[in-house]
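Because the structure is predicted, anything quoted here is derived from the model rather than measured.
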Amino acid sequence: MNRKKEEKAEVRFAAYVAGLSGVLGHADRIGPLRDYCTGLILPGERKSVEPMAAKTAPARTAAQHQSLLHFVGIATWSDEKVLAKVREMVLPAMERQGPIEAWIIDDTGFPKQGKHSVGVQHQYCGQLGKEANCQVAVSLSIANHSASLPVAYRLYLPKEWAADKARRNKAGVPSDIRFKTKPEIALEQIRWACEAGLPRGVGLMDGAYGTDSRLRTGMTALGVSYVVGIQPKILVWPPGTGPRRKGRPLNNTGRRDEPDLISAKRLARDLPKHAWRTIRWREGSAERLSSRFARVRVRVGHSQLMPELLSQEWLLIEWPEGEAEPTKYWLSTLPSNIGFRQLVDFAKLRWRIERDYLELKQEVGLGHFEGRGWRGFHHHATMCIAAYGFLVSEKETIPPSRPRTATLLQTPVLPDGYRPRGSSLAA
């Protein structure tokens, strides 16, 4: 990027920060907001407060360090208002590439040492692919095939934390925060998105969320169609069969002595050869992938509804050539006349959330926050989403071969010999 283009990017960044500043509540927060977002966008190995202070104010690093710490950890500005402003400013750039198509629910983990950081517990960490000491946050992103943006973000607070008054007080957990499962947080975010009037999209989730029948039922009640991953053991009535007894709900297993109920895995294995088709779908802007799929209209063994209220859904199954058995399963409430390739395309669009988290962590330091409190955790995430939103809005100006953060803003000269804590370069 030449100097003229860099100057234009800096002008657009200044206008973007000015837009965010209007919802902060106090004029003395404008400078820290600008510097915090700048530190997140500038290239760097570590994007916690100390190295960002050195980059944004190399001549007065100590004072800047304290200013940024106060802004992210103590100041009482509203995460919800800032995220709403980010959405307002970034959505037009996203929609120039096409309408919003999906609402994507997922969570992400942050490995942690010790036990004092808010919400930290030994639990499954997707970043590591195993159980470990970590924090987990649940998010909702709006997406189309060109871009995505997180619009809601909340830390999952385990039961042990929710019930521990001393730890809650020390970490500054608000009194109205109670224990909720991750699917319950997800449904709360979807309900909020409906009430806020966000551009509607098809709900996309992996099997950790899609298998939860209460979440699926809640989405249907809100009028949100979905394509959600499920576990192969989920019970369904195959085509031509259905619940035989009416007037009372299924038991907790969904079976209630119904002889026609079978697992999705068994149904997949019983399908005839002609049911399987090779489908190509779009992933990213140009690359096309393909695999073998089958789809069947089924009714799901459901513990939350009366049998006579059960509607047919799509069961979508992926069984790649060469695999010993099917690898992925989805349920969908999209219309019965939806095209096969379009159904697969929606199921595969969930990859955008994986791109979200990769870029949020690698490019803008989502996982680099070193504080322990509830407010700081969410303020840092909000600033990361704000910085990411600017990068999304700048996508049209950056060549595909360059990283989004490449020379967007002028990088200041650091003091000689400076090494931030946590850096692999630190002695």
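A salt bridge is absent between Glu160 and Lys115: the closest approach of a Lys/Arg side-chain nitrogen to an acidic carboxylate oxygen does not fall below 4.0 angstrom. Using a 4.0 Å cut-off between charged side-chain N and carboxylate O, Glu188 and Arg191 make no salt bridge. Ion pairing of Arg46 with Glu370 is present here, as a side-chain N (NZ or NE/NH1/NH2) and a carboxylate O approach within less than 4.0 Å. Comment: Lys182 does not engage Asp212 in a salt bridge, judged by the lack of any side-chain N to carboxylate O separation of less than 4.0 angstrom.
If you check the side chains of Gln135 and Ser117, you find no donor sitting under 3.5 Å from an acceptor. For the residue pair Gln97 / Lys395, no side-chain donor-acceptor distance below 3.5 Å is found, with atom types taken as modelled. Checked by atom type, the side-chain pair Lys328/Ser291 shows no donor-acceptor distance below 3.5 Å. Tyr156 and Gln121 share no donor-acceptor pair across their side chains, judged by distance under 3.5 Å alone.
With Arg168 contributing its side chain and Pro174 its backbone, the two residues share a donor-acceptor pair below 3.5 Å.
The residue from Tyr153, Trp374, Trp77, Phe369 that alone fulfils the ring pair (Phe, Tyr, Trp, His ring centres under 6.0 Å) condition with His379 is Trp77.
Using a 4.5 Å heavy-atom cutoff, the side chains of Asp35 and Met52 are not in contact. Side-chain atoms of Ser139 and Thr108, non-hydrogen and from C-beta on, never get closer than 4.5 Å to each other. With a 4.5 Å cut-off on side-chain heavy atoms, Arg154 and Ile177 count as touching. A heavy-atom distance below 4.5 Å is found between the side chains of Trp103 and Ile142.
For the pair Lys233 and Tyr329, the cation-pi test (distance below 6.0 Å, angle within 45°) is failed.
In this structure, Pro158 and Gln123 approach most closely via the heavy-atom pair CG-NE2, 4.4 Å.
Here the straight-line distance linking atom CG of Leu334 with atom CH2 of Trp314 works out to 10.5 Å at 0.5 Å rounding.
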